[in-house]
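What follows is one structure encoded as structure tokens, with my remarks underneath.
Residue numbering restarts at 1 for every chain, and letters A, B, ... go by the order of the sequence lines.
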There are 2 protein chains.
Amino acid sequence: MSTNDDFDPIFKALAHARRRAILDCLKKEPMTTGGLCQHFHDMDRCTVMQHLKVLHDAGLVVVTREGRERWNHLNALPIKEIADRWIGDYAQHAVRMLSSLERDLGLRNKKETT
Amino acid sequence: MSTNDDFDPIFKALAHARRRAILDCLKKEPMTTGGLCQHFHDMDRCTVMQHLKVLHDAGLVVVTREGRERWNHLNALPIKEIADRWIGDYAQHAVRMLSSLERDLGLRNKKETT
DNA sequence: TCAGTATGTTATAAAAATATAACATGTCAA
DNA sequence: TTGACATGTTATATTTTTATAACATACTGA
């Protein structure tokens with residue numbers, strides 16, 4: 001399935017807790033690379049930049065420049081695309097499973113009460 | 001954020017295209033390990049089993065046994081949880097961005113037509 | 001201009017994920 | 001029982017990811 005492969009860099013980008021934390025930061029407001037390094041003071045600046053590169057390559061971070069500063073903006077569209085085009089089927093699967101479980105429990109209760 | 005860490009094994013499990021392909025298979029119907037190996041004939045049986053272990057540890061695959069067969073069932077609930085508890089904020093972010101973009105384009109068109 | 005600052009690049013060490021091989025266990029059915 | 005089969009386990013090679021260091025570039029403002 002081609003759509004599955006399209007999503008690959010996005011899933012990979014989301015796979016690291018540090019990167020999800022960076023996204024959480026950028027969800028609140030755009031930040032400079034330096035600002036992010038300050039926020040994640042336990043992480044080397046180069047590490048932050050590598051994570052930003054992964055996020056950028058996945059299209060989850062958009063970069064603008066102001067003088068010598070680099071502003072990193074969240075682009076949540078790829079995440080929404082995954083939600084719309086990939087997760088839907090699985091969510092349905094889960095809901096079906098839950099409702100059949102509910103039905104089975106219902107039958108059991110019925111049986112017990114009769 | 002603690003919820004972020006709870007999701008870690010799930011995001012990690014979803015990060016590999018082969019594992020997502022396995023989930024796609026199991027979404028259609030439960031399969032034995034052997035059945036999966038037959039389907040992914042270009043992958044070593046041990047590799048399939050390792051992937052199944054990752055999926056199982058993440059709670060995405062539930063295992064039942066029948067004699068010498070092991071049946072792997074999809075459990076999509078963790079995916080639905082991510083959808084409900086993690087993706088929501090980002091989807092909203094995306095929608096907000098799109099609507100502000102729309103508004104800006106609307107303003108531009110207005111300007112152009114006046 | 002020039003010191004200080006923000007970011008970029010290249011190389012490399014360390015850790016984790018992926019794939020395979022070799023061997024082990026348990027079940028079925030003749 | 002016993003041979004074939006489905007799965008499980010342990011060890012290890014290969015590849016990728018993650019983290020850091022050292023050096024380079026470019027902008028700002030005094």
How many Å lie between CE on A:Met49 and P on C:dA6, as a whole number?
14 Å
Please tell me which of A:Thr32 and B:Lys12 maps to the more 5' nucleotide of DNA chain C, matching each residue to the nucleotide holding its nearest heavy atom.
A:Thr32
What is the distance, rounded to the nearest whole Å, between atom NZ of B:Lys53 and atom P of C:dA17?
12 Å
In whole Å, I'd like the distance from the NE2 atom of A:His41 to the C1' atom of D:dA19.
17 Å
Just by distance, do the side chain of A:Tyr90 and the backbone of B:Asp24 share a donor-acceptor pair under 3.5 Å?
yes
Which comes earlier along DNA chain D counting from the 5' end, the contact point of A:Cys46 or that of B:Gln50, where each point is its nearest nucleotide?
B:Gln50
Whole Å only: how far is the CG atom of A:Leu52 from the P atom of D:dA19?
13 Å
Any donor-acceptor pair under 3.5 Å between the side chain of B:Arg68 and the base of D:dG8?
no
Of the non-hydrogen atoms in B:Leu23 and B:Ile79, which two are nearest, and what is the gap between them?
CD1-CD1, 4.4 Å
Any side-chain N or O of A:Arg65 below 4.0 angstrom from OP1/OP2 of C:dG8?
yes
Check whether any side-chain N or O of A:His51 sits under 4.0 Å from OP1 or OP2 of D:dA19, and answer yes or no.
yes
Value in whole Å for how far the P atom of D:dT18 lies from CZ of A:Arg20:
11 Å
Separation of C:dA17 C1' from A:Phe11 CZ (nearest whole Å)
18 Å
Over how many whole Å does the gap from B:Asn72 atom CG to D:dA6 atom P extend?
15 Å
Taking the basic N atoms (NZ, or NE/NH1/NH2) and the acidic carboxylate oxygens, is any pair closer than 4.0 Å for B:Asp42 and B:Arg18?
yes
Counting only heavy atoms not in A:Lys27, do more than 12 sit closer than 6.0 Å to its NZ atom?
yes
Looking only at the side chains, is there a donor atom on one of A:Arg19 and A:His51 sitting less than 3.5 Å from an acceptor on the other?
yes
Spacing between B:Asp57 atom CG and C:dA17 atom C1', to the nearest angstrom
14 Å
Side-chain N or O of B:Arg70 less than 4.0 angstrom from OP1 or OP2 on D:dG8?
yes
Counting distance alone, no hydrogens or angles: does the base of D:dG8 have a donor or acceptor under 3.5 Å from a partner atom on the side chain of B:Arg45?
yes
Assign B:Thr47 to base, sugar-phosphate, or nothing according to its heavy-atom contacts below 4.0 angstrom with the strands shown.
base
